[in-house]
Amino acid sequence: MSQSTAEAPPTHRVRVWDLPLRLFHWGLAVAVVGAVACAQIPGVPVEWHARFGYTALALLLFRLVWGFVGGYWSRFSRLRPTPARLRAYLRGAPQPDDHVGHSPVGALATLALLAVLALQVGTGLLADDEIAFVGPLNQLVSTATGLAATEWHKHLGKLLVLVLVALHVAAVLYYLWVRKQNLVAPMVHGDKVLTQPARASRDDGPLRLWGLVLGALAAGAVGWLVLQAG
């Protein structure tokens with residue numbers, strides 16, 4: 001046995017991202033890209049933009065609940081971008097957990113993106129472009145509020161979404177090319193290969209069934225909202 005082989009550190013394959021969280025991640029990516037594309041491509045009916053927006057709303061509702069009942073690394077309690085943890089991570093002194101789920105920087109970016117997307121979807125529900133689309137909650141607010149929501153949704157809100165998505169993609173590429181860490185693969189198959197043992201996320205049949213039920217409830221709630229407004 002060669003010396004390099006003998007000194008190679010042991011590896012541990014750990015389930016980090018449960019299947020419902022992974023489906024949420026890729027579903028939200030499709031919904032955001034679809035909504036932006038429909039808004040930018042001339043001639044696409046506004047109904048398609050709205051459908052992608054409603055899909056994003058259902059996914060965000062699911063994520064809100066999953067952040068409390070999902071697998072260990074999917075929970076909001078594991079997203080802790082405190083100032084102390086951020087300083088330590090940026091100074092090159094990360095905590096062991098920072099290499100398992102989201103790092104403090106990744107947690108901050110994740111929370112920011114979820115908040116901006118929630119705001120973007122919320123303003124879409126209140127919007128009235130006075131041409132082809134009226135949001136299902138527009139009737140609950142004043143005309144001035146509806147127009148302000150529309151202005152935000154079409155301009156600053158959209159810009160913030162695009163900037164945060166671009167930063168997200170740039171961070172993934174930076175980790176892949178510079179730090180030689182593939183962040184995409186674990187979000188596909190769920191596992192990370194670590195040099196230290198770590199707690200695994202639960203990802204069994206009952207948890208996945210629970211995720212399916214919550215996803216169906218979220219979709220049903222959004223569907224009910226749209227039908228009531230119609």
Side-chain angles (χ1 to χ4, degrees), residues 20-21 23-70 74-76 79 81 102 105-171 214-230:
L21 190 280
L23 293 177
F24 157 81
H25 179 275
W26 296 114
L28 188 64
V30 171
V32 171
V33 171
V36 172
C38 289
Q40 297 300 118
I41 299 175
V44 176
V46 70
E47 288 80 10
W48 279 103
H49 175 76
R51 287 167 185 155
F52 280 114
Y54 295 143
T55 300
L57 173 59
L59 289 167
L60 290 170
L61 290 176
F62 165 81
R63 185 66 179 96
L64 177 63
V65 179
W66 202 246
F68 296 98
V69 302
S74 299
R75 299 188 178 188
F76 292 136
L79 298 175
H102 287 296
V105 174
L108 185 63
T110 297
L111 292 173
L113 183 57
L114 290 175
V116 168
L117 287 175
L119 181 58
Q120 186 69 353
V121 170
T123 54
L125 296 175
L126 299 175
D128 179 3
D129 66 3
E130 299 184 305
I131 300 174
F133 178 77
V134 178
L137 298 183
N138 177 263
Q139 59 186 334
L140 302 180
V141 299
S142 66
T143 299
T145 300
L147 292 176
T150 306
E151 181 70 15
W152 172 277
H153 188 85
K154 294 175 67 175
H155 297 101
L156 186 56
K158 182 176 71 173
L159 178 61
L160 284 175
V161 170
L162 292 175
V163 168
L164 287 176
V165 169
L167 288 175
H168 180 76
V169 173
L214 287 177
L217 289 174
V222 174
W224 176 85
L225 174 66
V226 175
L227 289 176
Q228 289 295 112

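Not measured: the values here are computed from a predicted model.
One distance of note links NZ of K158 with NE2 of H153; it measures 9.0 Å at 0.5 Å rounding. Distance CZ/F76 to CG/L114: 6.5 Å, rounded to 0.5 Å. Once rounded to the nearest 0.5 Å, the distance linking NE2 of H155 with CG of L160 reads 13.0 Å. Remark: L28 CG to R63 CZ distance equals 10.5 Å, nearest 0.5 Å. One distance of note links CG of L113 with CG of L108; it measures 11.5 Å at 0.5 Å rounding.
When the side-chain hydrogen bond (donor to acceptor under 3.5 Å, both in side chains) test is applied to T143, no partner is found at least two apart in sequence or on another chain.
Of all the heavy atoms in G124 and F133, the pair that sits closest is O-CE2, 3.6 Å. Contact record, A149 with L126: CB-CB, 3.8 Å, taken as the closest heavy-atom pair. Between L79 and A107, the shortest heavy-atom contact is CD2-CB, 3.7 Å.
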For a quick test of your reading: what N or O donor-acceptor pairs under 3.5 Å do the side chains of residues 42-62 make, sequence neighbours left out?
{"residue": "H49", "atom": "ND1", "partner": "A35", "partner atom": "O", "Å": "2.8"}
{"residue": "T55", "atom": "OG1", "partner": "R51", "partner atom": "O", "Å": "2.9"}

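Looking only at side-chain heavy atoms (C-beta outward), L225 and L137 come within less than 4.5 Å of each other.
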Applying side-chain contact (heavy atoms from CB on, under 4.5 Å) to E151 and L156, what does each step give before you reach the verdict? CA-CA 8 Å; E151 181 70 15; L156 186 56; over 6 Å; no
Going through the distances and angles, do L147 and E130 end up as a side-chain contact (heavy atoms from CB on, under 4.5 Å)? CA-CA 9 Å; L147 292 176; E130 299 184 305; 3.8 Å; yes
Check against side-chain contact (heavy atoms from CB on, under 4.5 Å), V69 and L214: CA-CA 10 Å; V69 302; L214 287 177; 3.9 Å; yes
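When the shell of 6.0 Å around NE2 of H168 is examined, it contains 12 or fewer heavy atoms from other residues, nucleotides or ligands.
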